[in-house]
Amino acid sequence: MILDRYFGWRFARAFVTVFGIFALLVVFIGMADTLRRFADDAAGFGQILRLSLLSAPESLYQILPLIVIIAAISMFLGLARTSELVVARAAGRAGLRLLVAPCIVALALGIIVVTVFNPIVAATSRQYEADVAAIEGTGSVLAFSDTGLWLRQGNAAGQTVIHANGADLSGTQLSDVTFLNFGPDGLPQARIKAAAAQLADGMWQLTDAKSWPLSGDGNPEALATLAVTAAIPSSLTADEIRNSFGTPSSIPIWELPAFIDRLKAAGFSAQRHQVWFQMELSQPVFFVTMLLTGAGFTMRPQRGGKTGLNVMLAVLVAFGVYFVRNFAQILGDNGDIPAALAAWAPTLAATALALGLLLEREEA
């Protein structure tokens with residue numbers, strides 16, 4: 001038990017050390033990239049530093065599996081250099097038995113990352129997008145709630161808020177839709193309700209529309225007009241609507257199932273968010289996979305000058321597994337394979353291969 005705690009502590013210490021080094025690198029690289037991006041927007045140093053710190057958690061989150069394998073390589077090389085692995089084996093501990101405590105620590109770190117660090121990344125990502133939108137003068141045009149889909153559009157003549165109970169996958173065809181027009185002074189001008197609305201070039205084309213004027217002193221219902229077809233000018237494009245869905249990483253994992261349900265209820269495809277949710281659930285197991293991969297190449301006495309070769313092979317295999325996992329995620333996002341298969345198949349396959357490598361080297 002004491003030996004297990006020791007190996008678990010060594011891996012946790014290696015992980016924290018590598019994480020800290022990469023955190024500093026990510027902040028400095030992010031600051032340089034932010035300076036280059038907003039050099040023409042008159043952003044002050046305080047804003048640049050704030051944006052760099054806000055973007056750092058998401059960047060770190062994406063490379064956490066690689067941090068795990070580098071920490072594993074660092075730990076096993078250190079144990080081999082001090083002959084602690086030899087002593088542990090001489091005490092009767094099998095190689096796989098030595099990995100139990102580090103695997104438990106890796107699994108626990110993965111659970112903490114998904115349950116605690118993920119919401120932090122989502123919050124900082126949303127704040128980063130909001131700050132960038134404030135600097136660039138842009139913003140999201142779309143939002144979801146339990147009451148349906150909400151859009152907004154506007155120009156110098158005023159703003160229009162759009163509410164729909166249903167939409168197609170692109171968000172350009174709405175059903176049971178209501179338009180609320182506001183003037184430059186922020187006062188309501190008109191309310192228009194239609195059975196359907198389709199976004200065309202520079203306008204919404206309405207079907208079975210009814211319009212109530214709200215700017216006069218008369219009775220809006222008495223002044224209401226009906227039209228089989230109508231048109232409302234629009235500054236929106238299909239690309240703007242699609243881009244306003246937001247990245248799945250900007251939604252905390254605790255809120256993601258409800259957001260997926262709202263997407264489906266509004267008529268949109270939630271495939272990308274479902275794949276991301278499954279990827280997050282498989283993250284702790286993937287941490288263990290990275291640990292086992294690193295152990296397969298470096299958990300042995302390093303003789304004959306093969307240390308560099310083993311480290312290089314471990315990193316290359318880890319990058320290969322990471323690439324295959326991301327490729328499977330892309331296939332899942334496109335709907336070519338089920339979400340659960342995209343997330344779990346590469347992880348479980350890589351775990352089996354790593355265990356096979358460990359068993360083969362253990363026999364050797």
Side-chain angles (χ1 to χ4, degrees), residues 122 125-215 220 224-251 255-256 258-274:
S125 298
R126 287 199 304 270
Q127 189 59 51
Y128 175 81
E129 293 173 358
D131 288 1
V132 170
I135 294 174
E136 296 181 341
T138 60
S140 176
V141 299
L142 180 146
F144 292 98
S145 71
D146 295 334
T147 59
L149 168 71
W150 294 86
L151 292 164
R152 65 174 177 84
Q153 64 182 36
N155 50 36
Q159 299 284 325
T160 300
V161 176
I162 307 168
H163 173 259
N165 287 322
D168 68 348
L169 296 180
S170 65
T172 58
Q173 294 184 7
L174 310 178
S175 60
D176 191 12
V177 58
T178 301
F179 293 79
L180 285 174
N181 297 330
F182 295 87
D185 54 2
L187 297 177
Q189 300 293 316
R191 175 175 179 264
I192 303 171
K193 187 173 180 63
Q198 181 173 356
L199 183 63
D201 292 335
M203 68 178 66
W204 288 99
Q205 295 178 342
L206 310 184
T207 303
D208 297 332
K210 183 177 182 180
S211 176
W212 293 267
L214 302 177
S215 57
T225 58
L226 298 173
V228 177
T229 60
I232 295 178
S234 177
S235 58
L236 295 178
T237 65
D239 289 338
E240 286 180 325
I241 295 176
R242 282 192 294 267
N243 292 337
S244 294
F245 283 109
T247 58
S249 61
S250 64
I251 304 169
E255 301 175 10
L256 198 53
F259 186 84
I260 291 173
D261 291 339
R262 289 200 298 270
L263 271 178
K264 292 180 178 179
F268 291 94
S269 172
Q271 180 68 17
R272 192 160 61 106
H273 296 76
Q274 288 176 316

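These values consider heavy atoms only, across backbone and side chains, with no hydrogens, waters or symmetry-generated copies.
Between atom CG of residue Leu174 and atom CD1 of residue Ile162 there is a gap of 7.0 Å, rounded to the nearest 0.5 Å. Rounded to the nearest 0.5 Å, atoms CD1 (Ile232) and CD (Gln205) are 11.5 Å apart. Summarising the geometry, atom CG belonging to Leu180 is positioned 10.0 Å from atom CH2 belonging to Trp212; distances are rounded to the nearest 0.5 Å.
Taking the side-chain contact (heavy atoms from CB on, under 4.5 Å) definition, one finds that Thr178 meets it with Arg191, Lys193, sequence neighbours left out. By the side chain to side chain donor-acceptor pair (under 3.5 Å) test, Ser125 is found to be paired with Glu58, residues two or more places apart in sequence or in another chain being considered. With sequence neighbours left out, Gln271 forms a side-chain contact (heavy atoms from CB on, under 4.5 Å) with Ser269, Gln274, Val275, Ala339. The side-chain contact (heavy atoms from CB on, under 4.5 Å) search around Asp185 returns Leu187, Gln189, not counting sequence neighbours. The side chain to side chain donor-acceptor pair (under 3.5 Å) search around Gln127 returns Asp131, not counting sequence neighbours. Under the side-chain contact (heavy atoms from CB on, under 4.5 Å) criterion, Ala122 pairs with Arg126, Pro252, not counting sequence neighbours.
Closest approach of Leu256 and His273 over heavy atoms only: CD2-O, 3.8 Å. Between Asn165 and His163, the shortest heavy-atom contact is OD1-CE1, 3.4 Å. Pairing each heavy atom of Ala164 with each of Ser175, the nearest pair is CB-O, 3.8 Å. Nearest heavy atoms, Ala194 versus Thr207: CB-O, 3.6 Å.
Between Val177 and Trp204, every side-chain heavy-atom pair lies at or beyond the 4.5 Å cut-off.
Judged as a salt bridge (Lys or Arg N to Asp or Glu O under 4.0 Å), the pairs with a partner in residues 203-214 (not counting sequence neighbours) are, in order, Lys210-Glu221.
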